[in-house]
Amino acid sequence: LYFCVSPSGARKWTYRYRHQGRSREMGLGGYPEVSLQQARIKRDAQRALRNEGLDPLEEKQRQARRKLAAGEQTFGRAAAFAYDVKREELTNPKYAKQWMALLQNHAIPALGARPVSELTVNDVYRVLRPLWNTRLETARKLRQNIRYVIDWAKAGGWCPGDNPASPKGPLDFLLPNPARLRVVRPHAALAYQALPSFMAELVKIETNAALALRFLILTASRTREVLGMEREEISFEEKLWQVPATRMKTRTAHRVPLSAPALCIASALWRTHNQRFVFPGQKPDQALSNMSMLSLMNKRFPKLRARPHGFRSTFKVWASEMHDFDPLAVEFCLAHKLRDRVEAAYLRTDLLEKRRHIMEKWGSYAGGKMTAKYLSSSQGKTL
(Lines give C-alpha, C1' and ligand atoms only; values in the text may rest on other atoms or scores of the structure.)
Protein backbone atom coordinates (compact mmCIF):
# COMPACT_ATOMS: atom_id res chain seq x y z
CA LEU A 1 0.00 0.00 0.00
CA TYR A 2 1.46 3.36 -1.07
CA PHE A 3 0.47 6.95 -0.33
CA CYS A 4 1.28 8.99 -3.46
CA VAL A 5 1.56 12.76 -3.72
CA SER A 6 1.67 14.27 -7.22
CA PRO A 7 3.59 17.45 -8.11
CA SER A 8 0.25 19.29 -8.09
CA GLY A 9 -0.34 18.23 -4.47
CA ALA A 10 -3.08 15.65 -5.19
CA ARG A 11 -2.91 12.68 -2.84
CA LYS A 12 -4.10 9.13 -3.40
CA TRP A 13 -3.69 5.53 -2.25
CA THR A 14 -2.29 2.89 -4.60
CA TYR A 15 -1.81 -0.84 -4.28
CA ARG A 16 1.34 -2.18 -5.97
CA TYR A 17 1.81 -5.87 -6.63
CA ARG A 18 3.22 -8.37 -9.11
CA HIS A 19 1.14 -10.72 -11.22
CA GLN A 20 2.73 -13.33 -13.47
CA GLY A 21 6.05 -11.52 -13.24
CA ARG A 22 4.62 -8.10 -14.16
CA SER A 23 4.58 -5.05 -11.90
CA ARG A 24 1.06 -3.68 -11.50
CA GLU A 25 -0.42 -0.64 -9.78
CA MET A 26 -4.05 -0.13 -8.82
CA GLY A 27 -5.66 3.06 -7.53
CA LEU A 28 -7.66 2.75 -4.29
CA GLY A 29 -9.03 6.30 -4.08
CA GLY A 30 -7.98 9.80 -3.13
CA TYR A 31 -7.14 11.17 0.30
CA PRO A 32 -8.83 12.35 2.52
CA GLU A 33 -11.96 10.90 0.89
CA VAL A 34 -10.51 7.43 1.55
CA SER A 35 -8.93 7.10 4.99
CA LEU A 36 -5.94 4.93 5.82
CA GLN A 37 -8.20 2.34 7.43
CA GLN A 38 -10.44 2.22 4.37
CA ALA A 39 -7.42 1.96 2.07
CA ARG A 40 -6.12 -1.01 4.07
CA ILE A 41 -9.49 -2.75 3.80
CA LYS A 42 -9.48 -2.23 0.03
CA ARG A 43 -5.90 -3.45 -0.18
CA ASP A 44 -6.76 -6.62 1.77
CA ALA A 45 -9.68 -7.29 -0.59
CA GLN A 46 -7.34 -7.13 -3.59
CA ARG A 47 -4.86 -9.42 -1.83
CA ALA A 48 -7.65 -11.96 -1.44
CA LEU A 49 -8.18 -11.92 -5.21
CA ARG A 50 -4.46 -12.48 -5.77
CA ASN A 51 -4.55 -15.47 -3.44
CA GLU A 52 -7.17 -16.94 -5.77
CA GLY A 53 -4.79 -16.49 -8.70
CA LEU A 54 -6.61 -13.48 -10.14
CA ASP A 55 -5.21 -10.12 -11.24
CA PRO A 56 -7.08 -7.46 -9.21
CA LEU A 57 -6.69 -4.81 -11.92
CA GLU A 58 -8.03 -7.08 -14.67
CA GLU A 59 -10.83 -8.19 -12.36
CA LYS A 60 -11.77 -4.56 -11.70
CA GLN A 61 -11.88 -3.85 -15.43
CA ARG A 62 -13.86 -7.02 -16.07
CA GLN A 63 -16.48 -6.05 -13.49
CA ALA A 64 -16.72 -2.56 -14.98
CA ARG A 65 -17.35 -4.05 -18.41
CA ARG A 66 -20.07 -6.33 -17.03
CA LYS A 67 -21.94 -3.33 -15.62
CA LEU A 68 -22.20 -1.74 -19.03
CA ALA A 69 -25.28 -2.46 -21.06
CA ALA A 70 -24.75 -3.19 -24.73
CA GLY A 71 -25.76 0.36 -25.66
CA GLU A 72 -23.14 1.77 -23.30
CA GLN A 73 -20.29 -0.20 -24.83
CA THR A 74 -19.23 2.78 -26.88
CA PHE A 75 -16.01 3.49 -28.71
CA GLY A 76 -15.23 6.26 -26.19
CA ARG A 77 -15.52 3.89 -23.23
CA ALA A 78 -13.52 1.23 -25.06
CA ALA A 79 -10.80 3.79 -25.76
CA ALA A 80 -10.56 4.66 -22.05
CA PHE A 81 -10.27 1.00 -21.02
CA ALA A 82 -7.84 0.18 -23.84
CA TYR A 83 -5.65 3.13 -22.89
CA ASP A 84 -5.35 1.83 -19.31
CA VAL A 85 -3.71 -1.26 -20.79
CA LYS A 86 -1.70 0.45 -23.51
CA ARG A 87 -0.01 3.06 -21.34
CA GLU A 88 1.68 0.33 -19.30
CA GLU A 89 3.65 -0.51 -22.47
CA LEU A 90 4.62 3.09 -23.24
CA THR A 91 7.85 4.02 -21.47
CA ASN A 92 7.88 7.58 -22.81
CA PRO A 93 5.36 9.70 -20.80
CA LYS A 94 5.16 12.25 -23.59
CA TYR A 95 4.21 9.62 -26.17
CA ALA A 96 1.72 8.08 -23.73
CA LYS A 97 -0.15 11.41 -23.65
CA GLN A 98 0.07 11.76 -27.43
CA TRP A 99 -1.38 8.27 -27.93
CA MET A 100 -4.66 9.18 -26.22
CA ALA A 101 -4.66 12.78 -27.45
CA LEU A 102 -4.69 11.52 -31.03
CA LEU A 103 -7.94 9.65 -30.40
CA GLN A 104 -9.47 12.52 -28.44
CA ASN A 105 -8.71 15.04 -31.17
CA HIS A 106 -9.75 13.04 -34.23
CA ALA A 107 -11.67 9.82 -33.48
CA ILE A 108 -13.70 10.29 -30.30
CA PRO A 109 -15.60 13.41 -31.50
CA ALA A 110 -17.00 11.36 -34.40
CA LEU A 111 -17.08 7.83 -32.95
CA GLY A 112 -17.03 8.25 -29.17
CA ALA A 113 -20.78 7.92 -28.58
CA ARG A 114 -21.24 5.10 -31.08
CA PRO A 115 -21.50 1.47 -29.86
CA VAL A 116 -18.22 -0.08 -30.84
CA SER A 117 -20.00 -3.17 -32.18
CA GLU A 118 -21.75 -1.02 -34.81
CA LEU A 119 -18.66 0.65 -36.28
CA THR A 120 -18.06 -0.02 -39.96
CA VAL A 121 -15.24 0.43 -42.42
CA ASN A 122 -16.93 3.60 -43.70
CA ASP A 123 -17.01 5.08 -40.18
CA VAL A 124 -13.25 4.65 -39.83
CA TYR A 125 -12.74 5.90 -43.38
CA ARG A 126 -14.58 9.17 -42.65
CA VAL A 127 -12.28 9.82 -39.70
CA LEU A 128 -9.06 9.09 -41.58
CA ARG A 129 -9.77 10.55 -45.02
CA PRO A 130 -9.40 14.28 -44.12
CA LEU A 131 -5.89 13.57 -42.78
CA TRP A 132 -4.71 11.00 -45.28
CA ASN A 133 -3.28 13.29 -47.96
CA THR A 134 -2.13 16.18 -45.81
CA ARG A 135 -0.98 14.53 -42.56
CA LEU A 136 -0.25 10.97 -43.54
CA GLU A 137 1.89 10.05 -40.52
CA THR A 138 -0.79 11.33 -38.14
CA ALA A 139 -3.45 9.38 -40.05
CA ARG A 140 -1.34 6.23 -39.99
CA LYS A 141 -0.86 6.41 -36.21
CA LEU A 142 -4.54 7.24 -35.72
CA ARG A 143 -5.51 4.13 -37.67
CA GLN A 144 -3.23 2.02 -35.46
CA ASN A 145 -4.81 3.47 -32.32
CA ILE A 146 -8.37 2.91 -33.57
CA ARG A 147 -7.48 -0.66 -34.49
CA TYR A 148 -6.02 -1.23 -31.01
CA VAL A 149 -9.18 0.07 -29.31
CA ILE A 150 -11.47 -2.12 -31.42
CA ASP A 151 -9.22 -5.15 -30.88
CA TRP A 152 -9.46 -4.50 -27.14
CA ALA A 153 -13.27 -4.35 -27.43
CA LYS A 154 -13.29 -7.63 -29.37
CA ALA A 155 -11.16 -9.29 -26.69
CA GLY A 156 -13.56 -7.97 -24.04
CA GLY A 157 -16.56 -9.45 -25.84
CA TRP A 158 -18.00 -6.09 -26.82
CA CYS A 159 -18.15 -6.71 -30.55
CA PRO A 160 -17.98 -9.72 -32.90
CA GLY A 161 -16.71 -9.83 -36.43
CA ASP A 162 -13.69 -8.33 -38.13
CA ASN A 163 -11.92 -5.13 -37.11
CA PRO A 164 -12.82 -2.41 -39.67
CA ALA A 165 -9.43 -0.70 -39.16
CA SER A 166 -7.34 -3.83 -39.76
CA PRO A 167 -4.46 -3.69 -42.25
CA LYS A 168 -4.92 -5.49 -45.56
CA GLY A 169 -8.67 -5.19 -45.10
CA PRO A 170 -11.42 -3.35 -47.01
CA LEU A 171 -10.17 0.00 -45.68
CA ASP A 172 -7.04 -0.33 -47.83
CA PHE A 173 -9.21 -0.15 -50.96
CA LEU A 174 -10.87 3.10 -49.86
CA LEU A 175 -7.65 4.96 -49.03
CA PRO A 176 -4.81 5.78 -51.44
CA ASN A 177 -1.67 3.67 -51.14
CA PRO A 178 0.47 5.43 -48.49
CA ALA A 179 3.69 4.26 -50.15
CA ARG A 180 2.86 6.43 -53.16
CA LEU A 181 1.70 9.40 -51.11
CA ARG A 182 4.41 9.56 -48.49
CA VAL A 183 7.02 12.24 -48.97
CA VAL A 184 10.01 11.62 -46.73
CA ARG A 185 11.07 14.85 -45.06
CA PRO A 186 14.26 14.10 -43.13
CA HIS A 187 15.50 16.44 -40.41
CA ALA A 188 17.52 19.29 -41.89
CA ALA A 189 21.22 18.45 -41.57
CA LEU A 190 24.49 20.35 -41.74
CA ALA A 191 26.99 19.33 -44.43
CA TYR A 192 29.91 17.54 -42.80
CA GLN A 193 32.35 19.95 -44.46
CA ALA A 194 30.83 22.82 -42.43
CA LEU A 195 30.84 20.98 -39.11
CA PRO A 196 34.31 22.01 -37.81
CA SER A 197 33.55 25.72 -38.25
CA PHE A 198 30.13 25.26 -36.64
CA MET A 199 31.72 23.53 -33.65
CA ALA A 200 34.30 26.33 -33.39
CA GLU A 201 31.42 28.79 -32.83
CA LEU A 202 29.39 26.44 -30.64
CA VAL A 203 32.33 25.87 -28.29
CA LYS A 204 32.26 29.58 -27.36
CA ILE A 205 28.76 29.34 -25.85
CA GLU A 206 28.87 28.63 -22.10
CA THR A 207 25.48 27.02 -21.44
CA ASN A 208 24.33 23.51 -20.60
CA ALA A 209 22.29 23.46 -23.81
CA ALA A 210 25.43 24.14 -25.86
CA LEU A 211 27.33 21.42 -24.01
CA ALA A 212 24.45 18.99 -24.56
CA LEU A 213 24.40 19.83 -28.28
CA ARG A 214 28.17 19.26 -28.55
CA PHE A 215 27.83 15.94 -26.74
CA LEU A 216 24.93 14.94 -29.00
CA ILE A 217 27.02 15.69 -32.09
CA LEU A 218 30.12 13.90 -30.78
CA THR A 219 28.15 10.75 -29.93
CA ALA A 220 25.75 10.82 -32.94
CA SER A 221 22.92 10.24 -30.47
CA ARG A 222 19.27 11.22 -30.25
CA THR A 223 17.99 14.15 -28.18
CA ARG A 224 16.08 12.02 -25.66
CA GLU A 225 19.07 9.75 -25.07
CA VAL A 226 21.40 12.68 -24.32
CA LEU A 227 19.12 14.86 -22.19
CA GLY A 228 18.04 11.94 -20.03
CA MET A 229 21.63 10.82 -19.33
CA GLU A 230 22.26 10.17 -15.63
CA ARG A 231 25.57 10.21 -13.79
CA GLU A 232 25.79 6.47 -13.16
CA GLU A 233 25.46 5.73 -16.89
CA ILE A 234 29.00 7.00 -17.57
CA SER A 235 32.15 4.95 -16.94
CA PHE A 236 35.24 7.14 -17.23
CA GLU A 237 37.50 4.12 -16.77
CA GLU A 238 35.95 2.25 -19.70
CA LYS A 239 35.25 5.45 -21.67
CA LEU A 240 31.72 4.21 -22.10
CA TRP A 241 28.16 5.49 -21.81
CA GLN A 242 25.50 2.87 -21.08
CA VAL A 243 22.09 4.02 -22.36
CA PRO A 244 19.24 1.98 -20.80
CA ALA A 245 16.65 0.34 -23.01
CA THR A 246 13.85 2.54 -21.63
CA ARG A 247 15.35 5.60 -23.34
CA MET A 248 16.23 3.95 -26.63
CA LYS A 249 13.99 4.10 -29.67
CA THR A 250 14.76 0.42 -30.33
CA ARG A 251 13.91 -0.54 -26.71
CA THR A 252 17.36 -2.17 -26.50
CA ALA A 253 20.19 -1.07 -24.21
CA HIS A 254 22.98 0.66 -26.13
CA ARG A 255 26.69 1.12 -25.36
CA VAL A 256 28.25 4.34 -26.67
CA PRO A 257 32.07 4.57 -26.81
CA LEU A 258 33.09 8.07 -25.72
CA SER A 259 35.79 9.89 -27.63
CA ALA A 260 38.24 12.19 -25.84
CA PRO A 261 36.20 15.39 -26.47
CA ALA A 262 32.96 13.69 -25.39
CA LEU A 263 34.66 12.56 -22.18
CA CYS A 264 35.89 16.13 -21.62
CA ILE A 265 32.32 17.44 -21.70
CA ALA A 266 31.01 14.75 -19.35
CA SER A 267 33.96 15.26 -16.98
CA ALA A 268 33.52 19.05 -16.89
CA LEU A 269 29.85 18.75 -15.92
CA TRP A 270 30.64 16.00 -13.44
CA ARG A 271 32.95 18.41 -11.58
CA THR A 272 30.58 21.37 -11.58
CA HIS A 273 27.46 19.76 -10.06
CA ASN A 274 26.20 16.61 -8.35
CA GLN A 275 22.68 16.50 -9.74
CA ARG A 276 21.01 13.36 -11.07
CA PHE A 277 21.13 14.36 -14.74
CA VAL A 278 24.43 15.16 -16.42
CA PHE A 279 22.73 18.00 -18.32
CA PRO A 280 20.50 19.51 -15.62
CA GLY A 281 17.71 21.99 -16.22
CA GLN A 282 16.80 25.02 -14.15
CA LYS A 283 14.95 23.00 -11.51
CA PRO A 284 16.66 20.45 -9.23
CA ASP A 285 16.55 16.82 -10.39
CA GLN A 286 15.17 17.79 -13.79
CA ALA A 287 16.89 17.42 -17.13
CA LEU A 288 17.12 20.08 -19.80
CA SER A 289 14.00 20.64 -21.84
CA ASN A 290 13.63 18.68 -25.08
CA MET A 291 13.51 22.03 -26.90
CA SER A 292 16.68 23.46 -25.32
CA MET A 293 19.07 22.51 -28.11
CA LEU A 294 16.67 23.48 -30.89
CA SER A 295 16.01 26.79 -29.17
CA LEU A 296 19.75 27.41 -28.89
CA MET A 297 20.25 26.80 -32.61
CA ASN A 298 17.33 29.05 -33.55
CA LYS A 299 18.60 31.93 -31.39
CA ARG A 300 22.35 31.71 -31.94
CA PHE A 301 22.38 30.35 -35.50
CA PRO A 302 19.15 31.76 -37.03
CA LYS A 303 20.30 31.34 -40.62
CA LEU A 304 21.26 27.70 -40.14
CA ARG A 305 18.51 25.34 -41.26
CA ALA A 306 20.00 22.28 -39.55
CA ARG A 307 18.29 20.63 -36.58
CA PRO A 308 19.85 18.68 -33.68
CA HIS A 309 18.62 15.30 -34.96
CA GLY A 310 20.08 16.10 -38.38
CA PHE A 311 23.63 15.79 -37.04
CA ARG A 312 23.14 12.02 -37.12
CA SER A 313 22.82 12.36 -40.88
CA THR A 314 25.94 14.56 -40.91
CA PHE A 315 27.82 11.76 -39.17
CA LYS A 316 26.47 9.10 -41.56
CA VAL A 317 27.47 11.03 -44.68
CA TRP A 318 30.94 11.82 -43.24
CA ALA A 319 31.51 8.15 -42.37
CA SER A 320 30.36 7.01 -45.82
CA GLU A 321 32.21 9.57 -47.97
CA MET A 322 35.40 10.19 -46.01
CA HIS A 323 36.26 6.74 -44.68
CA ASP A 324 36.10 3.05 -45.49
CA PHE A 325 34.48 2.05 -42.18
CA ASP A 326 32.54 -1.17 -41.73
CA PRO A 327 28.97 -0.13 -42.77
CA LEU A 328 27.50 -2.34 -40.05
CA ALA A 329 29.62 -0.63 -37.39
CA VAL A 330 28.43 2.77 -38.64
CA GLU A 331 24.80 1.63 -38.31
CA PHE A 332 25.51 0.41 -34.79
CA CYS A 333 27.02 3.82 -33.96
CA LEU A 334 23.59 5.25 -34.80
CA ALA A 335 21.86 2.52 -32.72
CA HIS A 336 19.99 1.20 -35.74
CA LYS A 337 18.51 -2.30 -35.69
CA LEU A 338 19.39 -4.82 -38.38
CA ARG A 339 16.49 -5.24 -40.80
CA ASP A 340 17.41 -8.86 -41.45
CA ARG A 341 16.16 -10.75 -38.38
CA VAL A 342 18.17 -13.84 -39.21
CA GLU A 343 21.40 -11.86 -39.43
CA ALA A 344 20.53 -10.07 -36.18
CA ALA A 345 19.97 -13.41 -34.44
CA TYR A 346 23.43 -14.67 -35.40
CA LEU A 347 25.39 -11.43 -34.95
CA ARG A 348 25.76 -11.39 -31.16
CA THR A 349 28.09 -8.41 -30.91
CA ASP A 350 27.71 -4.65 -31.04
CA LEU A 351 31.16 -4.14 -32.65
CA LEU A 352 32.24 -1.93 -29.76
CA GLU A 353 35.95 -1.74 -30.61
CA LYS A 354 35.27 -0.88 -34.24
CA ARG A 355 32.82 1.78 -33.11
CA ARG A 356 35.34 3.16 -30.63
CA HIS A 357 37.77 3.77 -33.50
CA ILE A 358 35.04 5.43 -35.59
CA MET A 359 33.93 7.73 -32.79
CA GLU A 360 37.51 8.82 -32.01
CA LYS A 361 37.96 9.77 -35.66
CA TRP A 362 34.62 11.59 -35.61
CA GLY A 363 35.48 13.42 -32.39
CA SER A 364 38.77 14.59 -33.81
CA TYR A 365 37.13 15.78 -37.04
CA ALA A 366 34.26 17.56 -35.27
CA GLY A 367 36.51 20.00 -33.47
CA GLY A 368 37.63 17.74 -30.66
CA LYS A 369 40.87 19.65 -30.06
CA MET A 370 38.99 22.93 -29.71
CA THR A 371 36.51 21.35 -27.30
CA ALA A 372 39.23 19.88 -25.09
CA LYS A 373 41.22 23.13 -25.06
CA TYR A 374 38.16 25.22 -24.19
CA LEU A 375 36.96 22.91 -21.43
CA SER A 376 40.39 22.68 -19.83
CA SER A 377 40.48 26.48 -19.64
CA SER A 378 36.96 26.51 -18.13
CA GLN A 379 37.73 24.52 -15.00
CA GLY A 380 36.08 26.06 -11.99
CA LYS A 381 33.44 27.85 -14.06
CA THR A 382 29.77 27.08 -13.79
CA LEU A 383 28.92 25.92 -17.27
(message) Before you tell me yes or no, could you show the steps for Met199 and Arg214 under side-chain contact (heavy atoms from CB on, under 4.5 Å), namely the whole-Å CA-CA distance, both residues' side-chain angles and the distance that decides it to 0.1 Å?
(response) CA-CA 8 Å; Met199 290 290 277; Arg214 275 178 255 163; 4.0 Å; yes

(message) Can you tell me how far apart CZ (Arg251) and OG1 (Thr246) are? Round to the nearest 0.5 Å.
(response) 8.5 Å

(request) Indicate the ring-plane relationship of Phe3 and Trp13, choosing parallel, tilted or perpendicular according to the 30° and 60° boundaries. (result) tilted

(request) Answer whether the closest heavy-atom distance between the side chains of Pro176 and Trp132 falls below 4.5 Å. (result) yes

(request) Kindly indicate whether the side chain of Ile358, heavy atoms from C-beta on, has any atom under 4.5 Å from the side chain of Lys361. (result) no

(request) Find out if a path of hydrophobic residues (ILVMFWY) with successive side-chain heavy-atom gaps under 4.5 Å connects Met322 to Phe198. (result) yes

(request) With the side chain counted from C-beta on, respond yes when Phe75 and Ile150 share a heavy-atom pair under 4.5 Å apart, and no when they do not. (result) yes

(request) Might you point out which heavy atoms bring Ala189 and Thr314 nearest each other, and give the distance in Å? (result) CB-OG1, 4.0 Å

(message) Quick check for you: to the nearest 0.5 Å, what is the distance between Lys239 atom NZ and Met359 atom CE?
(response) 14.0 Å

(request) Determine, for Arg247 against Glu233, whether the closest basic-nitrogen to carboxylate-oxygen distance falls under 4.0 angstrom. (result) yes

(message) Show the nearest heavy-atom pair for residues Thr74 and Trp158, with the distance to one decimal.
(response) O-CZ3, 3.7 Å

(request) State which residue, out of Ile108, Leu90, Asn105, Asn145, fulfils the side-chain contact (heavy atoms from CB on, under 4.5 Å) condition with Met100. (result) Ile108

(message) Any non-hydrogen side-chain atom of Arg231 less than 4.5 Å from a side-chain atom of His273?
(response) yes

(message) Closer than 3.5 angstrom, by distance alone: can the side chain of Asp44 be matched with the main-chain N or O of Ile41 as a donor-acceptor pair?
(response) no

(message) Let me confirm one number: the CZ-NE2 distance from Arg222 to His309, rounded to the nearest 0.5 Å.
(response) 6.0 Å

(message) A side-chain contact here means heavy atoms from C-beta on lying under 4.5 Å apart; do Tyr148 and Val85 qualify?
(response) yes

(message) Please say yes or no: joined through hydrophobic side-chain contacts below 4.5 Å, possibly via intermediate residues, are Leu36 and Tyr2 part of one cluster?
(response) no

(message) Please check: side-chain N/O of Ser166 versus main-chain N/O of Gly169, any donor-acceptor pairing under 3.5 Å?
(response) no

(message) Evaluate Tyr125 against Thr120 for side-chain contact (heavy atoms from CB on, under 4.5 Å), listing each step before the verdict.
(response) CA-CA 9 Å; Tyr125 168 79; Thr120 66; over 6 Å; no

(message) A side-chain contact here means heavy atoms from C-beta on lying under 4.5 Å apart; do Gln46 and Glu59 qualify?
(response) no

(request) Nearest 0.5 Å please: distance from the CH2 atom of Trp270 over to the CD1 atom of Ile234. (result) 6.5 Å

(request) Could you tell me whether Arg24 and Glu88 make a salt bridge, using a distance below 4.0 angstrom between a side-chain N and a carboxylate O? (result) yes

(request) Examine Val317 and Phe315 and state if one hydrophobic cluster contains both, with Ile, Leu, Val, Met, Phe, Trp and Tyr joined whenever side-chain heavy atoms are less than 4.5 Å apart. (result) yes

(request) Spell out, yes or no, whether Leu240 and Ile265 are grouped together once hydrophobic residues are joined by side-chain heavy atoms under 4.5 Å, including indirect joins. (result) no

(message) Check this for me: Asn51, atom CG, are more than 12 non-hydrogen atoms of other residues, nucleotides or ligands nearer than 6.0 Å?
(response) yes

(request) Indicate the ring-plane relationship of Phe81 and Trp152, choosing parallel, tilted or perpendicular according to the 30° and 60° boundaries. (result) parallel

(message) Please identify which of these residues, Lys316, Lys337, Arg355, meets the salt bridge (Lys or Arg N to Asp or Glu O under 4.0 Å) condition with Glu331.
(response) Lys316

(request) Report the residues that fulfil salt bridge (Lys or Arg N to Asp or Glu O under 4.0 Å) with Arg312, sequence neighbours left out, ordered by chain and then residue number. (result) none

(request) Give the other cluster members for Leu54, using side-chain heavy-atom distances under 4.5 Å between Ile, Leu, Val, Met, Phe, Trp and Tyr residues; answer none if it is isolated. (result) Leu49

(request) Look up atom SG in Cys333 and atom NZ in Lys354, then write down how far apart they are to the nearest 0.5 Å. (result) 11.5 Å

(message) Could you check whether Glu321 and Tyr192, counting side-chain N and O atoms only, form a donor-acceptor pair closer than 3.5 Å?
(response) yes

(message) I'd like to know whether CD of Gln282 has more than 12 heavy-atom contacts from other residues, nucleotides or ligands below 6.0 angstrom.
(response) no

(request) May I ask you to test the Leu213-Leu296 pair for a side-chain heavy-atom distance under 4.5 Å? (result) yes

(request) Applying salt bridge (Lys or Arg N to Asp or Glu O under 4.0 Å), name anything that partners Glu25, two or more places apart in sequence or on another chain. (result) Arg16

(request) Please name all residues satisfying salt bridge (Lys or Arg N to Asp or Glu O under 4.0 Å) with Lys86, sequence neighbours left out, ordered by chain then number. (result) Glu89

(message) Is it the case that over 12 heavy atoms from other parts of the model lie below 6.0 angstrom from the CZ atom of Arg114?
(response) yes

(request) Decide if atom CZ of Arg129 counts as having more than 12 heavy atoms of other residues, nucleotides or ligands within a radius under 6.0 Å. (result) yes

(message) With heavy-atom distances below 4.5 Å as the criterion, would you say the side chains of Pro167 and Arg147 are in contact?
(response) yes

(message) As a quick check of understanding, evaluate side-chain contact (heavy atoms from CB on, under 4.5 Å) for Arg143 and Leu171, giving each step before the final call.
(response) CA-CA 10 Å; Arg143 179 179 180 174; Leu171 190 61; 3.6 Å; yes

(message) So that I know where these two stand, are Phe215 and Trp241 an aromatic pair - ring centroids less than 6.0 Å apart?
(response) yes

Return all side-chain donor-acceptor pairs below 3.5 angstrom for residues 284-295, not counting sequence neighbours, or 'none' if the list is empty.
unit_1 : atom_1 : unit_2 : atom_2 : d
Ser289 : OG     : Met291 : N      : 3.1
Ser292 : OG     : Ser289 : O      : 2.8

(message) Nearest 0.5 angstrom please: Ser221 OG to Met229 CE, how far?
(response) 8.5 Å

(request) Spell out, yes or no, whether Val243 and Phe236 are grouped together once hydrophobic residues are joined by side-chain heavy atoms under 4.5 Å, including indirect joins. (result) yes

(message) So does Ala96 get a backbone contact from the side chain of Tyr83, meaning a donor-acceptor N/O pair under 3.5 Å?
(response) yes

(request) For Glu52, enumerate each residue passing the salt bridge (Lys or Arg N to Asp or Glu O under 4.0 Å) test, keeping only those at least two apart in sequence or located in another chain. (result) none

